[in-house]
Amino acid sequence: MSDAVVTRFAPSPTGFLHIGGARTALFNWLYAKRFGGKMLLRIEDTDRERSTEAAIAAIIDGLDWLGLKWDGEAIHQFSRAARHAEVAHEMLAAGKAYKCFATQQELEEMREKARAEKRPPRYDGRWRERSDADIAAAEASGLKYVVRLKAPQEGETVVDDRVQGRVVFPNKDLDDTVLLRSDGTPTYMLAVVVDDHDMSVTHIVRGDDHLTNAARQTHIYEAMGWRVPVMAHIPLIHGSDGAKLSKRHGALGVDAYRALGYLPAALRNYLVRLGWSAGDKEFFTTQEMIDAFDLPQIGRSPARFDFAKLENMNGHYMRATPDAELLAALEATLPYLDGGDMLARKLDDAMRAKLLGAMPGLKERAKTLVELLDGARFLFADRPLPLEPKAADILAQGRQHLVALTPRFSALADWTAASTEAAVRAYSEETGAKLGQVAQPLRAALTGRATSPGIFDVLEALGRDESMARIADQAKV
RNA sequence: GCGCCCAUCGUCUAGCGGUCUAGGACGUCGCCCUUUCACGGCGAAAACAGGGGUUCGAUCCCCCUUGGGCGCGCCA
């Protein structure tokens with residue numbers, strides 16, 4: 001048995017892969033990479049009512065998009081139900097667990113009573129020490145039972161957590177966890193422990209909403225005589241208002257972040273810096289992340305999700321991405337972008353060449369792929385161009401420059417940013433018009449907008465024929 | 001209600017008893033660059049929640065208060 005690090009990401013497929021889950025996956029992945037170990041994927045689908053195939057697909061798609069590849073085959077927890085039950089029966093036989101015939105109604109009453117007496121709602125252990133005869137009688141009368149863990153009632157349970165520190169829970173506050181439901185299926189609490197053990201998981205990194213569970217699970221480990229894995233409960237991500245991330249904070253699933261035009265590398269970088277740090281360093285390549293990542297640098301306080309910072313970071317990544325690569329990323333993301341189909345339809349090699357040529361000017365002005373697509377719109381828009389109100393105003397003021405420029409452009413031997421710039425500068429010097437007074441009407445005519453990349457780059461990217469035609473469209477009115 | 005966790009600029013954070021007139025990043029506000037918008041450069045405002053200890057000395061250690069969060073299912 002080696003000491004190789006084994007982590008796991010264990011989402012329940014009751015919805016998409018949300019941003020907190022993505023970060024948990026990232027941390028597990030980084031930790032495994034850092035120590036040359038493996039990250040396993042386990043789909044916790046023991047809740048048959050709420051688990052869906054669509055959710056499983058969404059989670060896998062999300063991990064895939066984020067570039068977080070797990071090792072080996074994904075384990076579907078439900079398929080291991082027989083093994084879970086086997087372990088429960090082992091505990092039953094060893095006297096570490098017992099059959100409980102309390103009905104739902106009894107449990108409800110217990111909770112009601114506790115609430116009325118301002119005590120913690122807890123199972124009272126009424127079947128914990130019953131005689132064999134009692135139990136046999138109950139079973140014979142056809143009553144359904146669950147299997148409960150006979151948890152220690154005195155003393156305390158310590159979770160030695162790598163993030164939270166040494167956390168102590170009084171055992172009197174932890175009741176006898178249900179291991180097997182009355183239909184014989186395993187509960188999450190049992191399944192997790194059995195699976196983590198069977199999968200040789202060495203490090204459990206998960207949200208700190210599981211911290212109390214860690215204590216209950218410790219009891220199961222102890223009952224089975226199994227070694228407890230290293231625990232690391234990371235703080236949850238909160239919304240901008242400090243409350244738990246939810247629908248009203250906007251985008252949720254990682255697929256939504258893709259549709260918003262974020263690059264996976266940027267999202268990873270943003271996520272790793274939420275609750276984890278390495279000095280003042282903000283930007284990490286994947287390799288740098290792996291090399292620097294470890295549990296002690298994870299903070300204990302919850303972090304708020306800040307779109308502004310994500311956006312800024314994404315802008316950095318876009319600018320740092322080589323043009324061809326960024327074009328490929330845009331193309332791959334088109335199916336998910338609003339209005340992306342419009343470009344997708346026109347994307348032939350000629351259009352790719354135009355986009356590539358304009359990319360340096362485009363990517364500097366875009367913080368997301370959505371903005372990149374929007375900024376590139378003028379390249380594939382059909383003539384006559386629709387005009388923004390501001391562009392229309394500009395044209396109303398400076399249409400005569402378009403007319404005057406036309407013969408000069410026609411006379412150009414070659415059509416480049418440099419040649420068109422020379423022509424425009426010569427014109428502006430000769431007529432005394434400020435460069436801006438000439439450039440803005442040109443921009444309006446060529447792009448339909450008041451803002452765009454540098455106008456001479458636009459001229460070159462559009463090419464002579466398209467440029468002249470667009471100028472003519474606006475010059476004649 | 002009970003248990004547990006957390007607490008540095010608006011946000012993410014550095015800090016691990018003296019180096020702190022508390023550093024970086026995002027955001028905000030100025031200025032510069034400039035054909036627009038960006039990018040970039042320069043600069044500014046902006047924080048140790050409060051109260052007690054411990055110590056020669058606390059942002060850093062302890063306690064309390066306050067404020068947040070999480071958990072308390074035959075859900076995961």
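All values derive from a computational prediction rather than experimental measurement. Every chain is numbered from 1, with letters handed out A, B, ... down the list of sequences.
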(message) Testing D374(A), L260(A), L326(A) one by one against L369(A) for a side-chain contact (heavy atoms from CB on, under 4.5 Å), which residue passes?
(response) L326(A)
(message) Checking contacts here: which listed nucleotide (C70(B), G3(B), C26(B)) is nearest the side-chain heavy atoms of N312(A)?
(response) C26(B)
(message) Please confirm whether the ring centroid of Y270(A) lies under 6.0 Å from the ring centroid of F305(A).
(response) yes
(message) Are W127(A) and Y98(A) an aromatic pair, judged by ring center distance below 6.0 Å?
(response) no
(message) Over all strands shown, is H233(A) touching base, sugar-phosphate only, or nothing at heavy-atom distances under 4.0 angstrom?
(response) nothing
(message) Centroid separation under 6.0 Å, is that true for the rings of H401(A) and Y427(A)?
(response) yes
(message) Need one value for A102(A): base, sugar-phosphate or nothing, where a base atom within 4.0 Å counts as base even if backbone is also close, heavy atoms only.
(response) base
(request) Look at all strands and tell whether V146(A) reaches a base, only sugar-phosphate, or nothing, counting heavy atoms closer than 4.0 Å. (result) base
(request) Could you please name the option among U13(B), G3(B), U35(B) that lies closest to any side-chain atom of R425(A)? (result) U35(B)
(message) If the cut-off is 4.0 Å, is R115(A) near the phosphate of C72(B), judged by side-chain N/O to OP1 or OP2?
(response) no
(request) Establish, from distance only, whether the side-chain atoms of E108(A) and Q104(A) form a donor-acceptor pair under 3.5 Å. (result) no
(request) Just name whichever nucleotide pairs with C9(B), Watson-Crick or G-U, keeping both distances under 3.5 Å, else none. (result) none
Filtered N/O pairs between nucleotides 36-40 of chain B and protein, under 3.5 Å:
{"residue": "U36(B)", "atom": "O4'", "partner": "Q440(A)", "partner atom": "OE1", "Å": "3.3"}
{"residue": "U36(B)", "atom": "O2'", "partner": "A450(A)", "partner atom": "O", "Å": "3.1"}
{"residue": "U36(B)", "atom": "N1", "partner": "R443(A)", "partner atom": "NH2", "Å": "3.2"}
{"residue": "U36(B)", "atom": "O2", "partner": "R443(A)", "partner atom": "NH1", "Å": "3.4"}
{"residue": "U36(B)", "atom": "O2", "partner": "S452(A)", "partner atom": "N", "Å": "2.8"}
{"residue": "U36(B)", "atom": "O2", "partner": "S452(A)", "partner atom": "O", "Å": "3.1"}
{"residue": "U36(B)", "atom": "N3", "partner": "R443(A)", "partner atom": "NH1", "Å": "3.1"}
{"residue": "U36(B)", "atom": "N3", "partner": "S452(A)", "partner atom": "O", "Å": "2.6"}
{"residue": "U36(B)", "atom": "O4", "partner": "G454(A)", "partner atom": "N", "Å": "3.3"}
{"residue": "C37(B)", "atom": "O2", "partner": "R365(A)", "partner atom": "NH1", "Å": "2.7"}
{"residue": "C37(B)", "atom": "N3", "partner": "R365(A)", "partner atom": "NH1", "Å": "2.4"}
{"residue": "A38(B)", "atom": "O2'", "partner": "E364(A)", "partner atom": "O", "Å": "2.5"}
{"residue": "A38(B)", "atom": "N3", "partner": "E364(A)", "partner atom": "OE2", "Å": "3.3"}
{"residue": "C39(B)", "atom": "O3'", "partner": "R319(A)", "partner atom": "NH1", "Å": "3.3"}
{"residue": "G40(B)", "atom": "OP1", "partner": "R319(A)", "partner atom": "NH1", "Å": "3.4"}

(request) Could you please name the partner base of G1(B), counting Watson-Crick and G-U wobble pairs only when both distances are under 3.5 Å? (result) C72(B)
(request) Look at N213(A) and G71(B) and indicate whether a side-chain polar atom (N or O) is within less than 4.0 Å of OP1 or OP2. (result) no
(request) Could you tell me whether V438(A) contacts a base, only the sugar-phosphate backbone, or nothing, with contacts defined as non-hydrogen atoms closer than 4.0 Å? (result) nothing
(request) Could you tell me whether the phosphate oxygens of A76(B), OP1 or OP2, come under 4.0 Å of any side-chain nitrogen or oxygen in T14(A)? (result) no
(message) Do N28(A) and H203(A) pair up side chain to side chain, a donor and an acceptor below 3.5 Å, judged on atom types alone?
(response) no
(message) For a quick check, tell me whether the side chain of D280(A) and the base of G23(B) share a donor-acceptor pair closer than 3.5 Å.
(response) yes
(request) Before accepting this row, confirm whether a basic side-chain N of the pair D173(A)/R122(A) lies closer than 4.0 Å to the acidic partner's carboxylate O. (result) yes
(request) Please work out if F283(A) contacts a base, only the sugar-phosphate, or nothing of the nucleic acid, heavy-atom cut-off 4.0 Å. (result) nothing
(request) Once you apply the 3.5 Å cut-off to both distances, tell me the Watson-Crick or G-U wobble partner of A46(B), or none. (result) none
(request) Assign M313(A) to base, sugar-phosphate, or nothing according to its heavy-atom contacts below 4.0 angstrom with the strands shown. (result) nothing
Collect all protein-nucleotide pairs involving nucleotides 44-51 of chain B in which both atoms are nitrogen or oxygen and the distance is under 3.5 Å.
none

Can you check nucleotides 9-12 of chain B for protein contacts, nitrogen or oxygen pairs under 3.5 Å, and list what you find?
{"residue": "C12(B)", "atom": "OP1", "partner": "R304(A)", "partner atom": "N", "Å": "2.9"}
{"residue": "C12(B)", "atom": "O2'", "partner": "R273(A)", "partner atom": "O", "Å": "2.8"}
{"residue": "C12(B)", "atom": "O2", "partner": "K309(A)", "partner atom": "NZ", "Å": "3.4"}

(request) Could you check whether R206(A) gets within reach of a base, just the sugar-phosphate, or nothing at all, counting any heavy atom under 4.0 Å? (result) nothing
(message) Over all strands shown, is E49(A) touching base, sugar-phosphate only, or nothing at heavy-atom distances under 4.0 angstrom?
(response) nothing
(message) Which label fits W415(A) and F409(A): parallel for a plane angle under 30°, tilted from 30 to 60°, or perpendicular past 60°?
(response) perpendicular
(message) My understanding is that a pair needs two contacts under 3.5 Å, Watson-Crick or G-U wobble. By that rule, which nucleotide pairs with U54(B)?
(response) none
